[in-house]
Amino acid sequence: FGEAEDAVFENVRLEDVNIVGESEVGGAVGQLTEATDTSDDDVPSNARVENVSVMGDIEATSGTYTGGLVGFPTGDGSGEDAYGPTLDNRNVFKGTVTGVEQVGGLVGRSNFGTDLGIGYVQAEVEGTNQVGGIVGHSSSNPSTFQEMYFAGNVTATSGDDVGSIVGYVGDDGGGTGGLDLFPDTYWDGELEDDWFGSSEEPIDDRDEDDRPTGLTTTEMQGTDAEHNMAGLEFEERWATVPDDYPVFQWEAAARDDPDE
């Protein structure tokens with residue numbers, strides 16, 4: 001899809017995709033808009049991506065916002081009242097993502113109050129600047145990234161805003177270094193050194209529980225992953241794989257029984 005408003009993408013499996021566009025390009029949808037005010041915690045998101053797996057190559061040739069699943073999730077509001085789409089519950093991207101600015105393994109830019117959680121990326125991600133393994137440019141309004149990991153390489157060809165999790169961390173103007181939180185999020189530190197490229201405000205004093213954790217390849221693979229990536233719910237949804245990174249339990253079952 002090029003764009004969608006208040007739409008739900010759920011239980012989708014796409015393999016061997018080759019998607020090319022100019023800008024706002026994603027494996028599931030280029031732009032996903034939360035058009036309904038969901039700033040109240042009791043109001044669920046109407047724009048969601050859940051249990052979606054995309055494998056293949058995603059490319060934007062000239063513009064911004066390129067993501068493995070969504071190029072540009074967006075909404076409205078500001079500060080704590082911002083609201084945006086939700087990408088949650090077993091999302092996967094494997095392959096390559098190539099674009100210009102704001103390029104990410106899952107999303108190009110997490111605008112407004114976009115929330116990302118329970119997913120992973122194994123990919124090569126490349127752009128000119130603001131390039132991240134999970135998100136290229138995180139929102140200037142608060143977003144949360146939780147129970148996720150990235151394993152792969154990230155390249156910015158003409159800028160310094162490049163990181164294994166996020167290329168550029170936005171700020172809400174309050175001098176807090178952005179309100180984005182990254183609890184229970186991991187990356188392979190042997191493949192990429194830093195979790196973020198740059199930010200509008202210093203974030204070195206951020207609480208340790210709200211930062212991603214860098215691990216070695218060995219620590220993230222096999223049965224060691226269950227101990228070292230304790231923020232992932234292995235009993236409920238994740239599974240370890242011998243000599244490989246964790247996958248979701250439905251993926252492990254499919255490997256054991258290819259006919260499922």
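When all heavy atoms are compared, the tightest approach of Pro85 to Ser45 is CA-OG, 4.1 Å. Of all heavy-atom pairs between Leu232 and Met148, the closest is CD2-N, 4.1 Å. The minimum heavy-atom distance linking Gly231 with Tyr186 is given by the pair N-OH, 2.8 Å.
The closest side-chain heavy-atom distance from Ile134 to Thr185 is below 4.5 Å. Counting heavy atoms from C-beta outward, Val103 and Glu126 have side chains that stay 4.5 Å or more apart. With a 4.5 Å cut-off on side-chain heavy atoms, Ile165 and Phe145 do not count as touching. Using a 4.5 Å cut-off on side-chain heavy atoms (C-beta onward), Val52 and Phe93 make no contact. Side-chain contact between Glu251 and Val241: absent, with no pair of heavy atoms (C-beta onward) separated by less than 4.5 Å. Asn91 is listed as a side-chain neighbour of Val49, based on a closest heavy-atom distance under 4.5 Å.
Side chain of Trp187 to backbone of Glu192: a donor-acceptor contact under 3.5 angstrom is found. Not a single donor-acceptor pair under 3.5 Å links the side chain of Asp161 to the backbone N or O of Asn129. A donor-acceptor pair under 3.5 Å is formed between the side chain of Tyr149 and the backbone N or O of Pro246. Using a distance-only test at 3.5 Å, with no hydrogens or angles considered, a donor-acceptor pair links the side chain of Gln249 to the main chain of Phe234. Panel note: side chain Ser164, backbone Asp194; a donor-acceptor pair is recorded below 3.5 Å.
Note on Val169: it does not cluster hydrophobically with Phe72, by side-chain heavy-atom contacts below 4.5 Å among ILVMFWY residues. A single hydrophobic cluster is not seen to contain both Leu87 and Tyr65; linkage of ILVMFWY side chains at heavy-atom distances under 4.5 Å, directly or through other members, places them apart. Hydrophobic cluster membership is shared by Leu32 and Val121, with clusters built from Ile, Leu, Val, Met, Phe, Trp and Tyr side chains linked at under 4.5 angstrom. The same ILVMFWY cluster, assembled from side-chain heavy atoms under 4.5 Å apart, contains both Val107 and Phe196. Hydrophobic clustering of Ile, Leu, Val, Met, Phe, Trp and Tyr side chains at less than 4.5 Å, counting indirect connections, keeps Val100 apart from Val166.
Atoms CD and CD1, from Glu50 and Ile118 in turn, are 9.0 Å apart once rounded to the nearest 0.5 Å. Between atom OG of residue Ser53 and atom NZ of residue Lys94 there is a gap of 7.0 Å, rounded to the nearest 0.5 Å. The line from CG of Leu106 to CG of Leu69 is 5.0 Å long, rounded to the nearest 0.5 Å. Note: Leu116 CG to Ser138 OG = 10.5 Å, rounded to the nearest 0.5 Å. Going from atom CD of Gln122 over to atom OH of Tyr245 covers 7.0 Å, rounded to the nearest 0.5 Å. A distance of 8.5 Å separates CD in Glu124 from CG in Leu191, rounded to the nearest 0.5 Å.
As a member of the Ile/Leu/Val/Met/Phe/Trp/Tyr network built from side-chain separations under 4.5 Å, Tyr83 groups with nothing else and remains a singleton.
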Task: Candidate pair Asp88 and Asp115, rule side-chain contact (heavy atoms from CB on, under 4.5 Å), full reasoning - done: CA-CA 8 Å; Asp88 200 357; Asp115 284 333; over 6 Å; no
Open item on the list: Go through it in stages, so that I can follow the logic: the residues are Asn46 and Glu34, the test is side-chain contact (heavy atoms from CB on, under 4.5 Å), and I'd like the CA-CA distance, side-chain angles, deciding distance and then a yes or no.
Closed with: CA-CA 6 Å; Asn46 291 308; Glu34 178 70 74; 3.5 Å; yes
TODO: Give the intermediate values and the outcome of side-chain hydrogen bond (donor to acceptor under 3.5 Å, both in side chains) for residues Gln31 and Thr74.
DONE: CA-CA 7 Å; Gln31 176 175 315; Thr74 188; over 6 Å; no
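Within the structure, the ring pair (Phe, Tyr, Trp, His ring centres under 6.0 Å) test picks out no pair touching residues 30-50 (sequence neighbours left out). Residue pairs that meet the salt bridge (Lys or Arg N to Asp or Glu O under 4.0 Å) test with at least one member in residues 213-239, sequence neighbours left out, are Glu147-Arg237. Residue pairs meeting the ring pair (Phe, Tyr, Trp, His ring centres under 6.0 Å) criterion with at least one member in residues 1-29, sequence neighbours excluded, are Phe1-Phe9. Evaluation of the side-chain hydrogen bond (donor to acceptor under 3.5 Å, both in side chains) test over residues 3-13, restricted to residues two or more places apart or in two chains, returns Asp6-Thr36, Asn11-Asn51, Arg13-Asn51.
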Exercise answer: donor-acceptor pairs, residues 54-64 side-chain atoms, under 3.5 Å, sequence neighbours excluded:
{"from": "Asp57", "atom 1": "OD1", "to": "Thr96", "atom 2": "OG1", "distance (Å)": "2.6"}
{"from": "Thr61", "atom 1": "OG1", "to": "Gly21", "atom 2": "O", "distance (Å)": "3.4"}

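Residue Asp160 places its CG atom among 12 or fewer non-hydrogen atoms of other residues, nucleotides or ligands, all under 6.0 Å distant.
The aromatic rings of Tyr120 and Trp238 lie tilted to each other, with the angle between the two planes from 30° to 60°.
Residue Gln130 forms a side chain to side chain donor-acceptor pair (under 3.5 Å) with just one option from Gln102, Glu101, Arg109, and that option is Gln102.
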